[in-house]
Amino acid sequence: VKKQVSMISNGYLDLGFVTLHKREKEGYEYVHIKDEELFLAVPSSHPLARQANAPGEPPAEMDLEYFKHERFALMFKESTMREVIDELFREAGFMPDILFESSSNHTLHTMVKNNLCCTILPEIYAVEDDKVTYFRLPSHPVWEICAVYKKGSYLTKAGKDFINMASLFWNSPEGSHC
């Protein structure tokens, strides 16, 4: 995200697609595409996984504080997702035991799938899986998927159409679980 915004600022990129927790930067236009909820992902072998809802039902809620003695793999510290995650742990009253940090949600998912730890993942990963159990967190944390471009710059019709297509895709059933 930071690299894309820097490239936009320096004129190397006209348009970017980013995920944000808070819009702190002035000088940019943001076009909302979707709010994506973040979920707690735990190995299905974890004792608390038994409290999950049945397959086909929406994920049950689980408080993060019940996992204060577990190991976590998390997104790297500079990511926008990590800003949300760190806030969740502060609200739960503990700092997680971090086994591993990554820039890849796929890697985090794989670590949970291999029964190594727990993590927080975007909703796009929260699909039925016999090795990973997903829980909603009580605060229903989200990050925003949006298009960004430099304030005052000209956005072409092609750029506007691209943003529209991205929005249609991300808000369709296919896009929400690609």
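For the residue pair Met81 and Pro122, the shortest heavy atom distance occurs at CE-CD, 3.7 Å. The shortest non-hydrogen separation linking Thr133 to Ala52 is CG2-CB, 3.4 Å. Looking at every heavy atom in both residues, Ala147 comes nearest to Ile33 through N-CD1, 3.8 Å. The two residues Ser103 and Met75 have their closest heavy-atom pair at O-CE, 3.5 Å. Residues Leu64 and Phe72 share a closest heavy-atom pair of CD1-CZ, 4.2 Å. Ala49 approaches Ser44 most closely through the heavy-atom pair CB-O, 3.5 Å.
Using a 4.0 Å cut-off between charged side-chain N and carboxylate O, Asp161 and Lys157 make a salt bridge. With respect to Lys150 and Glu29, no salt bridge is recorded, no charged nitrogen being found less than 4.0 Å from a carboxylate O.
Without hydrogens or angle criteria, Asn114 side chain to Leu116 main chain gives no donor-acceptor distance under 3.5 Å. Side chain of Asn164 to main chain of Lys160: no donor-acceptor pair is present (N/O by atom type, distance under 3.5 Å, no hydrogens or angles). When atom types are taken as modelled, the side chain of Glu36 and the backbone of Ile124 share a donor-acceptor pair closer than 3.5 angstrom.
For the pair Val84/Leu38, a side-chain contact is recorded, criterion being any heavy-atom separation below 4.5 Å from C-beta on. Between Tyr134 and Leu121 the shortest side-chain heavy-atom distance falls below 4.5 Å. Put simply, the side chain of Asp129 reaches to within 4.5 Å of the side chain of Lys113, judged on heavy atoms. Two residues are said to be in side-chain contact when any heavy atoms from C-beta on lie closer than 4.5 Å; Lys34 and Glu123 meet this criterion.
In terms of hydrophobic clustering, with Ile, Leu, Val, Met, Phe, Trp and Tyr side chains grouped at heavy-atom distances under 4.5 Å, Ile98 and Val112 are assigned to a common cluster. One hydrophobic cluster, built from ILVMFWY side chains closer than 4.5 Å, holds both Phe169 and Val31. Val42 is not connected to Phe100 by any chain of hydrophobic side-chain contacts under 4.5 Å among Ile, Leu, Val, Met, Phe, Trp and Tyr, and they are in different clusters. Phe76 and Tyr125 fall within a single hydrophobic cluster, where Ile, Leu, Val, Met, Phe, Trp and Tyr are joined by side-chain heavy atoms under 4.5 Å apart, directly or via other members. Cluster membership for Met165 and Tyr149, using ILVMFWY side-chain heavy atoms within less than 4.5 angstrom, is shared.
Leu137 contributes atom CG, which lies 10.0 Å from atom CZ of Phe135 (distance to the nearest 0.5 angstrom). Rounded to the nearest 0.5 angstrom, Met62 CE and Leu48 CG are separated by 5.0 Å. Between the CD atom of Glu91 and the CG atom of Asp63 there is a distance of 10.0 Å, given to the nearest 0.5 Å. Atom CZ of Arg82 and atom CG of Leu88 lie 11.5 Å apart (nearest 0.5 Å). To the nearest 0.5 Å, the span separating CD1 on Ile8 from NZ on Lys151 amounts to 13.5 Å. The line from OG1 of Thr119 to NE2 of His109 is 10.0 Å long, rounded to the nearest 0.5 Å.
Phe94 and Phe89 have perpendicular rings, their planes meeting at more than 60° on a 0 to 90° scale where under 30° would count as parallel.
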Report the C-alpha separation of Arg136 and Glu37 in whole Å, then their side-chain angles, then the decisive distance to 0.1 Å, and conclude whether the salt bridge (Lys or Arg N to Asp or Glu O under 4.0 Å) test is met.
-> CA-CA 8 Å; Arg136 279 199 150 101; Glu37 190 170 349; 3.1 Å; yes

Using the side-chain contact (heavy atoms from CB on, under 4.5 Å) rule, take Trp143 and Thr80 through it: C-alpha gap first, then chi angles, then the decisive distance, then the call.
-> CA-CA 8 Å; Trp143 66 351; Thr80 54; 3.8 Å; yes

Listing, residues 9-18 side-chain donor-acceptor contacts under 3.5 Å, not counting sequence neighbours, or none:
from: Asn10; atom 1: ND2; to: Ser6; atom 2: O; distance (Å): 3.1
from: Asn10; atom 1: ND2; to: Ser6; atom 2: OG; distance (Å): 3.4

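As a member of the Ile/Leu/Val/Met/Phe/Trp/Tyr network built from side-chain separations under 4.5 Å, Leu168 groups with nothing else and remains a singleton.
Annotation: ring pair (Phe, Tyr, Trp, His ring centres under 6.0 Å) contacts of Phe67 (sequence neighbours excluded): His46.
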